[in-house]
Amino acid sequence: MSRRTAAPEDQELQKLSEKELFEKFYSNRDVEVRNQIVTRYMYLAEIISKKFLNRGVEMDDIYQVACVALINAVERFNTSEDVKFVSFATPTIIGEIKRYFRDKASVIRIPRRIYEVYQKVN
């Protein structure tokens with residue numbers, strides 16, 4: 001089994017700082033750059049998803065929700081703010097996992113919009 005070596009451009013992306021990487025992504029919305037950012041922060045999705053274990057849902061499902069939330073956080077992150085990406089992504093991931101549990105827990109499926117209005121009323 002041969003090991004795949006990283007392409008020269010992947011090695012170049014790995015050397016960039018967080019801010020440089022995000023600025024490169026926002027300048028041309030390159031999927032490869034986004035994937036590099038997501039790969040760099042996958043550990044965050046894993047750590048957060050482990051906090052929601054033993055609640056009746058498989059770890060793989062929680063981890064998948066966390067990864068999708070991480071991708072959404074990368075898409076929405078604003079580099080002009082003086083905030084680190086980890087500080088921005090953590091509440092985003094936690095919120096998506098909690099939303100997943102909320103939607104999954106209901107026996108009768110009601111639309112999310114109606115459920116959110118119900119939560120505001122309570």
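Values below: all heavy atoms of this structure, side chains included; hydrogens, waters and symmetry mates excluded.
For the pair S27 (side chain) and K24 (backbone), a donor-acceptor distance under 3.5 Å is present.
Residues satisfying the salt bridge (Lys or Arg N to Asp or Glu O under 4.0 Å) test with K50, not counting sequence neighbours, are E46. Judged as a side-chain contact (heavy atoms from CB on, under 4.5 Å), and not counting sequence neighbours, the contacts of V68 are N72. Remark: Y41 pairs with E18 by the side-chain hydrogen bond (donor to acceptor under 3.5 Å, both in side chains) rule, at least two apart or across chains.
Taking each heavy atom of N78 and Y26 in turn, the nearest pair found is N-OH, 4.4 Å. Across all their heavy atoms, A73 and T92 have their closest contact at CB-CG2, 4.1 Å. Considering every non-hydrogen atom in both I93 and A66, the closest pair reads CG2-CB, 3.7 Å.
Rounding to the nearest 0.5 angstrom, the gap separating the CD atom in E58 from the CG atom in L53 is 10.0 Å. Here the straight-line distance linking atom OH of Y63 with atom CE of M42 works out to 3.0 Å at 0.5 Å rounding. Annotation: the span from I94 atom CD1 to F52 atom CZ amounts to 5.5 Å, rounded to 0.5 Å. With values rounded to the nearest 0.5 angstrom, K84 atom NZ is found 10.0 Å from F77 atom CZ. Summarising the geometry, atom OG1 belonging to T39 is positioned 9.0 Å from atom CG belonging to L70; distances are rounded to the nearest 0.5 Å. Rounding to the nearest 0.5 Å gives a distance of 12.5 Å between CD1 of I48 and CD1 of I62.
Using a 4.5 Å cut-off on side-chain heavy atoms (C-beta onward), F25 and Q36 make no contact. With a 4.5 Å cut-off on side-chain heavy atoms, V74 and F22 count as touching. Looking only at side-chain heavy atoms (C-beta outward), V65 and R99 stay at 4.5 Å or farther from each other.
Around OH of Y43, the count of heavy atoms belonging to other residues, nucleotides or ligands within 6.0 Å exceeds 12. Taking a 6.0 Å sphere around CD of E23, one finds it holds more than 12 heavy atoms contributed by other residues, nucleotides or ligands.
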field: Worked verdict on Y118 versus I114 for side chain to side chain contact (heavy atoms under 4.5 Å, CB included)
entry: CA-CA 6 Å; Y118 171 75; I114 294 173; 5.5 Å; no
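For E116 and R113, the salt-bridge test fails: no basic side-chain N is under 4.0 Å from an acidic carboxylate O. A salt bridge links E75 with R29: the distance from a Lys NZ or Arg NE/NH1/NH2 to an Asp or Glu carboxylate oxygen falls below 4.0 Å.
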